[in-house]
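Report on one structure; see the data block that follows.
Letters go in sequence order (proteins before strands), and every chain restarts at 1.
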Protein chains: 2
Amino acid sequence: MEARVAEQSSKRRVTLTRESILEAALRLCSPEGGGQLTFSRLGKELGADPTAVYRHFRDKDELVLALTDLTVQEGMELSRQALPDGPSDDWRAWLTVTAQSVRASYLARPALAVLAAARTTASPAETHSVEQLITVLHRAGLPVIEAAECYRALLDMTLAMTQYTAAFSILDRSAQEKDEAAWAVKYGMLPEDEFPLLHQSAPRLTELFRDDDGVFALVLTTFLDGVAARIERARKA
Amino acid sequence: MEARVAEQSSKRRVTLTRESILEAALRLCSPEGGGQLTFSRLGKELGADPTAVYRHFRDKDELVLALTDLTVQEGMELSRQALPDGPSDDWRAWLTVTAQSVRASYLARPALAVLAAARTTASPAETHSVEQLITVLHRAGLPVIEAAECYRALLDMTLAMTQYTAAFSILDRSAQEKDEAAWAVKYGMLPEDEFPLLHQSAPRLTELFRDDDGVFALVLTTFLDGVAARIERARKA
DNA sequence: CGACCCTGTCAATGCCATTGACAGCGACTC
DNA sequence: GAGTCGCTGTCAATGGCATTGACAGGGTCG
């Protein structure tokens, strides 16, 4: 390694590492990076032949898996910064922050969210966070098993809805507008006498159409209300 | 149209209709039909040239949109059969049945669920069902707007989680097992002293791993508990 | 110094959606 | 009833994609 500088960059052979590839891939997944992850783009981004990546990841699936790991991990990290060190008693804040952090990490890379699809990351990224989360729920009064179930339910729901949002955000403007227009028309034309309630709530529904974050917030708080009910029930028993 | 019979089937020109295409496409989306929707497969299924479909749908997106419409519609239809005619007072049953029906319709065609991704079907399929659903919630004590929000939240959550499940079910066995194995190992090796609660709930968590329906049921009932709390709150005010 | 492996390169394969030119055929016009 | 037009199926071609196998340079280890 004699520091032969990169002036010959034209034909210089680049050296890839697992890390450099992951980094570049994450960049590509973000909207600023183009929002599409393909081998050819990845090759260009790295200044190497697209197929060189295969030396480090068996196939695209493995690459995506590693990326989701990083992303969930980042989300958990993010939530840790926003939360007090030790397990506090404010379970609601814990769950909210965790869910929103994971969601935010994913939404920063919509392309990844779409590819990740069903892959519930196998590595309980940041196991400590998970343990703490369950602890918080348990201290609030939930039996351990039930607390674990809540954690799992919350995470899956969050991932699913986030991926859903991401998929939509990736569509080109035209498709999005097409959807929105159709939606607005349908709700605007509802005969008031046949669908009184729907007609009455139409404005709110159209408003919610493009507001995925709003819908997510809705689902989340309702879910948390459910958890609260569960906790209360457990305490009485 | 002189009933020249199909003995000349080799070079006979098939006539496509929007309906016949949709039908064939739905067939392809089901696991029995191969579980993959592509133009070439669709062409073969119809006995026509793949590109003939373009005469009836501008592109794949339009086709998929029409298919999701049909599917949600079928789900709503299904739920109507399982429910009493007029709006009853058992809002919980209503929401449960609706969610599970829509989910079932989608899961019968995992390939579609994956393609549909973010496309919240623009046509409020079976507007009557929606109106009824909101009515039920409103009669239970929820303000109209809030009832509409609940409907939207429930539907989106259901669609998102279902698509999530579908995506996983489409992976080949090997990938699924890879995930599962990694998962089990991770949870099995957790040091008990560092992660006491996680260690304790590991069996339940691994059990939930492949049980997407179980997780969905969990999310759903928790969500409904939340709705119940909301209703109670609204009644008091 | 030689064998070997790690890793980047290159050319090729096969699937996919999509397009444009063409062709049969029915309907409609004069 | 002949000509014209438009609807719709066919065919060949394009460009993007993941993936594979043969090759090659260069570093390492014996």
Side-chain angles (χ1 to χ4, degrees), chain A residues 1-4 6 8-22 24-25 28-29 34-67 111-112 114-117 119 170-172 174-175, chain B residues 1-4 6 8-22 24-25 28-29 34-67 111-112 114-117 119 170-172 174-175:
Chain A
M1 211 177 273
E2 321 138 31
R4 218 180 304 153
Q8 302 280 0
S9 66
S10 60
K11 272 305 175 190
R12 201 73 234 111
R13 203 186 190 194
V14 200
T15 23
L16 269 38
T17 65
R18 205 182 151 81
E19 285 68 36
S20 71
I21 294 175
L22 289 174
L28 286 184
C29 288
Q36 278 199 51
L37 181 62
T38 78
F39 277 81
S40 57
R41 282 166 124 88
L42 190 48
K44 211 171 292 170
E45 179 80 11
L46 289 161
D49 190 278
T51 62
V53 179
Y54 284 94
R55 297 292 173 202
H56 302 267
F57 297 91
R58 191 145 44 83
D59 53 16
K60 194 173 183 178
D61 193 62
E62 286 223 343
L63 177 60
V64 169
L65 235 45
L67 291 172
L112 175 60
V114 174
L115 288 176
R119 316 309 292 271
I170 273 193
L171 297 177
D172 38 355
S174 66
Chain B
M1 210 176 278
E2 322 140 27
R4 218 182 303 154
Q8 303 277 1
S9 67
S10 59
K11 272 307 175 189
R12 199 72 235 109
R13 205 185 191 199
V14 201
T15 22
L16 270 37
T17 65
R18 205 182 151 81
E19 285 67 35
S20 70
I21 293 176
L22 289 174
L28 285 184
C29 287
Q36 282 199 50
L37 181 62
T38 77
F39 277 81
S40 58
R41 282 166 124 89
L42 190 49
K44 211 172 292 171
E45 180 81 11
L46 289 162
D49 189 279
T51 62
V53 177
Y54 284 94
R55 297 291 174 202
H56 302 266
F57 298 90
R58 190 146 44 84
D59 52 15
K60 196 172 182 179
D61 192 62
E62 285 223 345
L63 176 59
V64 168
L65 236 46
L67 291 172
L112 175 59
V114 174
L115 289 175
R119 317 309 293 271
I170 273 193
L171 297 176
D172 39 352
S174 66

Check: Going through the checks in order, is the side chain to side chain contact (heavy atoms under 4.5 Å, CB included) test met by B:L67 and B:L115?
Finding: CA-CA 10 Å; B:L67 291 172; B:L115 289 175; over 6 Å; no
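To the nearest angstrom, P of D:dC17 lies 11 Å from CG of A:L28. To the nearest angstrom, C1' of C:dT9 lies 12 Å from CG of A:L16. Counting to the nearest Å, the C1' atom of C:dT9 and the CG atom of A:L42 are 16 Å from each other. Here C:dT7 presents its C1' atom at 16 Å from CZ of A:R18, a figure rounded to the nearest Å.
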Exercise answer: donor-acceptor pairs, residues 47-55 of chain B side-chain atoms, under 3.5 Å, sequence neighbours excluded:
| unit_1 | atom_1 | unit_2 | atom_2 | d |
| --- | --- | --- | --- | --- |
| B:D49 | OD1 | B:T51 | N | 2.9 |
| B:D49 | OD1 | B:T51 | OG1 | 2.6 |

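Minimum interatomic distance between B:L46 and B:A24 (heavy atoms only, all atoms of both residues): CD2-CB, 3.7 Å. Between B:A66 and B:L22, the closest heavy-atom pair is CB-CD2, 3.8 Å. Nearest heavy-atom pair, B:G35 versus B:A111, reported as atom, atom and distance to 0.1 Å: O-CB, 3.2 Å.
With rounding to the nearest 0.5 Å, the separation of SG in B:C29 from CZ in B:R41 is 10.5 Å. To the nearest 0.5 Å, atoms NE2 (A:H56) and OG (A:S20) are separated by 7.0 Å.
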Using a cutoff of under 3.5 Å, can you pull out all pairs of nitrogen or oxygen atoms linking the protein to nucleotides 4-6 of chain D, with atom names and distances?
none

Return the polar atom pairs (N/O with N/O) between nucleotides 14-16 of chain C and the protein under 3.5 Å, or none.
| unit_1 | atom_1 | unit_2 | atom_2 | d |
| --- | --- | --- | --- | --- |
| C:dC16 | OP2 | B:S40 | OG | 3.2 |

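A:D59 meets the salt bridge (Lys or Arg N to Asp or Glu O under 4.0 Å) test with no other residue; sequence neighbours excluded. The side-chain hydrogen bond (donor to acceptor under 3.5 Å, both in side chains) search around B:E62 returns B:R58, not counting sequence neighbours.
Contacts between residues 48-58 of chain A and DNA chain C, counted as heavy-atom distances below 4.0 Å, involve A:A48, A:D49, A:T51, A:A52, A:R55, A:H56.
No donor-acceptor pair closer than 3.5 Å links the side chain of A:K44 to the backbone N or O of A:F39.
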